Protein chains: 2
Amino acid sequence: MPAETRATYHHGALREELISASVSLIEAEGIGAVSLRRVAREAGVSPGAPYHHFADRAALFAAVIVRGSALLESELRQARAQATSGVEALGAFVRTYVRFAREHPGYVHLMLRPELSHPDRHPDAAHAGEGSIDLLTAAVVDCQREGTAPPGDPMPAVGLVWALAVGIVTLWLDGPLQERCVDVGTTPEVLTAQITALLTGLMSGSAGRA
Amino acid sequence: MPAETRATYHHGALREELISASVSLIEAEGIGAVSLRRVAREAGVSPGAPYHHFADRAALFAAVIVRGSALLESELRQARAQATSGVEALGAFVRTYVRFAREHPGYVHLMLRPELSHPDRHPDAAHAGEGSIDLLTAAVVDCQREGTAPPGDPMPAVGLVWALAVGIVTLWLDGPLQERCVDVGTTPEVLTAQITALLTGLMSGSAGRA
DNA sequence: CTCAGATTCTGAACACCGTATAGATGGGGG
DNA sequence: CCCCCATCTATACGGTGTTCAGAATCTGAG
């Protein structure tokens with residue numbers, strides 16, 4: 001079943017291996033090195049083979065995103081289960097996302113480049129992250145129950161925490177945050193305090209509607 | 001001097017027009033539609049012509065980034081001049097960045113995709129954003145003088161504000177923030193409160209070193 | 001004004017890319 | 001057992017980044 005000049009004519013698990021090969025290739029040589037032909041070559045098949053499993057290149061990348069989002073969501077769910085309060089869960093989410101991006105940069109690089117997966121044509125990729133957003137929303141609602149987030153529409157707070165995580169991850173993957181700043185992923189109590197402060201800011205401002 | 005089947009054999013200002021055409025093309029058809037040949041065609045010139053002004057495709061995109069960063073920096077400088085405190089300046093920075101991304105998405109899309117400009121091979125693009133970071137750092141130092149940011153290394157606070165801005169802009173350009181959340185760019189007092197709260201969190205935590 | 005040299009652009013070429021198609025291969029149901 | 005059909009190969013087409021020889025034009029020195 002593995003690659004490496006396989007013996008059988010049929011691959012057996014080409015679809016899954018194309019997804020894995022994409023992730024590995026991004027992590028080894030960067031997103032700029034990823035092409036359908038290259039991924040196929042890496043899996044030991046001809047350039048046309050992927051088209052029996054994916055409609056086009058964007059569909060392959062959409063499948064990578066679906067897999068990565070499921071992985072991330074399960075880690076986020078685990079992080080929330082270990083948290084003892086909504087605010088703690090939010091801090092854990094950001095830390096978990098940053099750690100996930102460091103451990104699986106291939107998935108995250110693709111998640112952050114929607115032009116490669118054409119979410120408008122591949123709705124499964126567009127909706128892949130919704131489970132994670134639901135978790136985030138639930139944690140914000142917990143905060144509202146605990147009085148640590150303003151009542152009303154939780155979406156502004158969700159968007160802000162989400163943006164903070166995406167920003168940290170982006171700057172991390174691109175390099176500048178690694179070079180200039182402290183490793184935010186390994187200082188949980190500081191980050192939790194920052195998330196708390198963020199929600200406090202949301203509370204003190206006239207948020208909820210704007 | 002304009003494009004559109006020019007009369008003269010020599011273009012006259014091809015370098016600048018290639019940069020502008022890149023930005024326009026991104027804004028009109030998205031980053032996926034941008035290729036060197038297409039940009040050259042848009043400027044009314046043969047595929048080989050750009051190579052007399054740029055070493056390769058990445059060099060053209062690096063020049064776009066340099067121009068966009070200068071534009072952004074001047075707007076950030078203006079925002080800081082109008083602020084009456086360090087914290088207010090930080091809020092103004094984030095709002096200005098978000099507004100800039102909405103008004104000039106072509107520049108920002110390229111700034112957020114370093115694999116297209118190869119910053120390692122084109123150091124001018126790598127250092128293009130440093131002026132803006134210096135402004136951000138100066139504002140954080142102002143906060144430290146005002147007692148609204150913790151003393152010591154300002155970089156953790158700089159990184160956090162920077163990440164927040166990048167995250168909001170990324171989610172905005174990619175769509176999800178537009179669909180789900182409130183327009184954070186038009187609610188200055190709320191955002192300022194959030195930045196204040198962020199710095200308060202940095203202060204209360206054991207920040208500065210980690 | 002003339003004309004040589006440097007600069008800018010064209011057009012053809014190369015390898016690689018995404019994608020489509022026709023045909024070879026072989027595993028699974030009658 | 002054998003035929004069907006999903007899977008894979010081989011090949012082809014247009015588009016892309018890049019190179020290069022040569023044509024067109026600008027420049028400035030005489």
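Chain letters run A, B, ... following the sequence lines, proteins first, then strands; residues in each count from 1. Every value quoted in this text rests on a predicted model; they were computed, and no experiment measured them.
Residue side chain B:Arg57 does not reach the base of D:dG17 through any donor-acceptor N/O pair under 3.5 Å, judged by distance alone. With hydrogens and angles left out, the side chain of B:Arg15 and the base of C:dT8 share no donor-acceptor pair within 3.5 Å.
Across the protein-nucleic acid pair, A:Phe54 atom CZ and D:dC8 atom P stand 11 Å apart, rounded to whole Å. Look at CD on A:Glu17: it is 15 Å from P on D:dT7, rounded to the nearest Å. Look at CZ on A:Arg41: it is 14 Å from P on C:dA15, rounded to the nearest Å. One interatomic measurement links the two molecules: CZ of B:Arg37 to C1' of C:dC16, which rounds to 12 Å at whole-angstrom precision. As a whole-Å value, the separation of A:Tyr51 OH from C:dC17 P is 12 Å.
Along DNA chain C, the nucleotide closest to B:His53 and the one closest to A:Asp56 are compared, and the more 5′ of them pairs with B:His53. Nearest-nucleotide assignment on DNA chain D puts the 5′-proximal partner with A:Leu14, out of B:Ala58 and A:Leu14. Mapping A:Arg38 and A:Ala55 onto DNA chain C via the closest heavy atom, the residue that lands nearer the 5' end is A:Arg38. Mapping A:Gly48 and B:Val34 onto DNA chain D via the closest heavy atom, the residue that lands nearer the 5' end is A:Gly48.
Taking 4.0 Å as the cut-off between side-chain N and carboxylate O, B:Asp56 and B:Arg121 do not count as a salt-bridged pair. Here B:Glu115 pairs with A:Arg113 in a salt bridge; the nearest charged N to carboxylate O distance falls below 4.0 Å.
Nearest to the side-chain atoms of A:Leu36 among the listed nucleotides D:dT18, C:dT10, C:dT19 stands C:dT19. Checked against C:dT10, C:dC17, D:dT9, the side chain of A:His52 finds its nearest nucleotide in D:dT9.
With 3.5 Å as the limit, one finds no donor-acceptor pair spanning the side chains of B:Arg41 and B:Ser46.
Within 4.0 Å of B:Ser46, counting heavy atoms only, lies at least one base atom of the nucleic acid.
The two residues B:Val108 and B:Ala101 come nearest to each other via the heavy atoms CG2-CA, 3.7 Å. The two atoms that bring B:Ala79 and B:Thr96 nearest to each other are CB-OG1, 3.4 Å, heavy atoms only. Nearest heavy atom pair, residue A:Arg99 against residue A:Glu75, reads NH1-OE1, 3.6 Å.
With the end axes of the helix from C:dC1-D:dG30 to C:dG30-D:dC1 each set by five pairs, the angle from one to the other reads 0° at 10° resolution.
For A:Gln78, the CD atom counts as loosely surrounded, since its 6.0 Å shell holds 12 or fewer non-hydrogen atoms of other residues, nucleotides or ligands.
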